[in-house]
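Throughout, protein chains are lettered first and strands after them, A, B, ... in sequence-line order, and every chain is numbered starting at 1.
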Amino acid sequence: MKLYLSMLLTEALGRAGLGVPDTGIQFEKPKVAEHGDVATNIAMILAKPARKNPRELAGIICDALRPLLDAGKIAAVDVAGPGFINFRYAESYIYDMLEEIIRKGSAYGRSETHRGKKINVEWVSANPTGPLHAGHGRQVCLGASLCVVLEWSGWDVTREYYFNNAGNQMQNLAITVRARYLEQCGMTPDPEDLHYAGEYVSEIGREVFVEFGDGKKDADLDFFRSRGERWCFASITRTLAVLGVRHDVFFNEDSLYRDGKITDVLRLLKEQDLAYEQDGATWLRTTAFGADKDRVIVKSTGEPTYRLPDIAYHREKLLRGYDRVIDIFGADHIATIPDVLSGVKALGLPVDHVDVIIHQMVSFVNDGEAVRMSKRSGNVYYLDDLIADVGQDAVRYFFVMRGANAHLEFDVKLAQEQSENNPVYYLQYAHARIASILRFAESQGLETGTGAELSLLCHPAEHALIKALLGFPEIVALCASTYEMQHLCTYLNTLAAEFHRFYHECRVVTEDAALSRARLALSRATKQVLANGCTLLGIAAPEKM
RNA sequence: GCGCCUGUAGCUCAAUUGGAUAGAGCGUUGGCCUCCGAAGCCAAAGGUUGAGGGUUCGAUUCCCCCCGGGCGUACCA
């Protein structure tokens, strides 16, 4: 529709002796229904260069536009407010569109906008030094939903997890696992060795003991490292699977060492004088990229800091040739981004197509009290715990219902206690309710299939519901282009509300068979859109609850 | 100190990226089931969008300056 109006407006502007602004013609959906279904601010944009009153200009544009309009699509066009041009859909248009929704079914909302283009989304990427904690949930859910939305916009999506199975943190895990294993063998662990305090490390130690007895007393750290890594990997992927999240690629950090990529990058940086030795360490000349000071990339122990493998990893990823690359990070990792990107850029790779999504931290509140999160103390609220407390659907929904930039407060108690009033249940309830209506209709011998006379739907609540359904593809596109998933949540809840209103205003199954069939068709279409939305969010769309 | 994020109803957060009367949920108050799911609907109350300037037809949104909160500012990731 916007495309159609855009064409006509361009034509009309030409006839009125006006040009199209560089920004194109912008449309928006008026907040207030009386203002019509679509509006454009074109007259206000053009008013200044044309040195004319916006309202007057809008009138001129309208006059030029009216003869061009197809009455089957647009019923009315008028000037309002400071110079908006408002359009109102023709009834036949919304019936046609409803027909289309029904025809497209589970594909309604998909588009081919980015067909043939490849995108890589890297997210989660938590260190395999323990199970995922509740705070990881936000990134898990944001990324997972984003990937689906991108696919619905035609992108060929690669889901990637950068698996940090090398470096200092893994060394600490290995030491801790060994200490816990030796504890099983009857030795008292040195507190210095217990870098990770979580109970799970003891569990790993027990597993090793069960399998080998005390036969691994003299095994080297590599053994315990790989046992720890294997356990953590299994734990993380299991939790992800519970939430319906999967990755296509787990890129192992240690492969960068094995394949010599770390040394390659170090050499390349040194060749460009972007890395230098000092005080026994190797420094990255980040001041050359505008940073306040240079940073260490290889410690005096000879071990790289995270920056170096991060640069090497991004280089490998970019070399694979994606049209777009998305990195999702928590705000606590924000410091690495400028260094890594400028490092990669210095290696001759373009980074303009890399988008970094930063999400702010989550705080968990339980019964008015902050849930303390500390890996070292072992006092951790795990993502598994959160799922057990509120359910996977609530987890998936709550983490994406707010913008990534908002500091999210997750009140666990509230999510448990008030689950009846939860937005996610509100949404699912609408879906289950429609399913119930359809079952009832069938029990009454009503045919709920095709062939409904949609023009019988003339009640305001019916029109409002249809128009709400029409907005779905645009919302999907909006989420895909802004990377902001909360728009979908907001949309789905207003859609559910619109349905509930319709339900109260218009009885679906009545003696009037023709009207009943039309309303059943509308109900089915609503159910379909709700289900499609649930698919995008990764939550269930139940037939009963 | 510096950098990034943030401040909107009592609470948690929206606001289609600069649009028309700033909206939802929770909480509070009052209505609605002889009828397809009341996990629902309707209504009321609640706001100087942290404060002050600026940009323009128009600012919650952009710019400047204060004030408050979060995260960084490691030879941890």
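Within 3.5 Å, no donor on the side chain of A/T301 pairs with an acceptor on the base of B/C75, nor the reverse. Side-chain atoms of A/H407 stay outside donor-acceptor range of the base of B/G7, with no qualifying N/O pair under 3.5 Å. At a cut-off of 3.5 angstrom, the base of B/A14 holds no donor-acceptor pair with the side chain of A/N493. Contact of A/Y306 with B/A77 (side chain to base): a donor-acceptor pair of N or O atoms is detected under 3.5 Å.
Among the nucleotides B/A77, B/G40, B/C35, the one closest to any side-chain atom of A/R507 is B/C35. Among the nucleotides B/C36, B/C13, B/U16, the one closest to the side chain of A/F440 is B/C36. Candidate nucleotides B/C71, B/C75, B/G19 were compared by shortest atom distance to the side chain of A/D332, and B/C71 ranks first. Side chain of A/R501, nearest nucleotide from B/C76, B/C42, B/A20: B/C42. Checking B/C75, B/A20, B/A14 against every side-chain atom of A/E28, the shortest atom distance belongs to B/A20. Comparing B/U12, B/G37, B/G40 by their closest approach to the side chain of A/R402 singles out B/U12. Closest to the A/I334 side chain, of the nucleotides B/G72, B/A20, B/A77, is B/G72. Among the nucleotides B/C41, B/C75, B/A77, the one closest to any side-chain atom of A/T336 is B/A77.
For A/L414 and B/C13, the CG to P distance is 11 Å, given to the nearest whole Å. Nucleotide B/A74 holds its C1' atom 13 Å from the CD atom of A/E303, rounded to whole Å. Protein atom NE2 of A/H431 is 17 Å distant from nucleotide atom P of B/G40, rounded to whole Å. At whole-Å resolution of the value, OH in A/Y425 and P in B/G40 are 13 Å apart. In this structure, A/N168 places its CG atom 11 Å from C1' of B/A74, rounding to the nearest Å. A/I297 has its CD1 atom 13 Å from the P atom of B/A77, to the nearest Å. Rounded to an integer number of Å, the gap from A/L488 CG to B/A24 P is 19 Å. The interatomic distance linking A/E409 (CD) with B/A14 (P) rounds to 13 Å, in whole Å.
Within the 4.0 angstrom heavy-atom criterion, no nucleotide atom of any strand lies near A/Y491. Residue contacts for A/Q486: at a heavy-atom cut-off of 4.0 Å it reaches the sugar-phosphate backbone alone, with no base atom in range. Using a 4.0 Å heavy-atom criterion, one finds that A/G471 contacts no nucleic acid atom at all. Across all strands, A/T482 comes closer than 4.0 Å to base atoms (heavy-atom distances). Here A/S300 lies in heavy-atom contact (under 4.0 Å) with a base. Using a 4.0 Å heavy-atom distance criterion, A/A430 is classed as making no nucleic acid contact.
Of the candidates A/Y306, A/Y257, A/F251, A/F251 is the only one forming a ring-ring contact (aromatic ring centres under 6.0 Å, His included) with A/Y313.
You can call A/H35 stacked on the base of B/A20; the centres are under 5.5 Å apart and the planes sit within 30°. In this pair, A/F84 lays its aromatic ring flat on the base of B/A20, centres within 5.5 Å and planes under 30 degrees apart.
More than 12 heavy-atom neighbours from other residues, nucleotides or ligands sit within 6.0 angstrom of CD on A/Q278.
RNA chain B is contacted by both A/I85 and A/N164; A/I85 maps to the nucleotide lying nearer its 5′ end (nearest heavy atom per residue). Of the residues near RNA chain B, A/H504 and A/R439, the one whose nearest nucleotide (by heavy atom distance) lies more toward the 5' end is A/R439.
A salt bridge links A/K527 to A/E543: at least one charged side-chain nitrogen sits closer than 4.0 Å to a carboxylate oxygen. Between A/D327 and A/K317, at least one side-chain N (NZ, or NE/NH1/NH2) sits under 4.0 Å from a carboxylate O, which counts as a salt bridge. The pair A/R439-A/E442 fails the salt-bridge criterion, with no side-chain N (NZ, NE, NH1 or NH2) lying under 4.0 Å from an Asp/Glu carboxylate O.
Taking the C1' atom of each, B/U56 and B/C62 are spaced 11 Å apart, rounded to whole Å. Between the C1' atoms of B/G47 and B/A39, the separation comes to 31 Å (whole Å). Spacing of P atoms, B/G10 relative to B/U49, comes out at 13 Å, to the nearest Å.
No side-chain heavy atom of A/V508 sits less than 4.5 Å from a side-chain heavy atom of A/L522.
Under the 3.5 Å distance criterion, with hydrogens and angles disregarded, no donor-acceptor pair is assigned to the side chains of A/Y397 and A/Q428.
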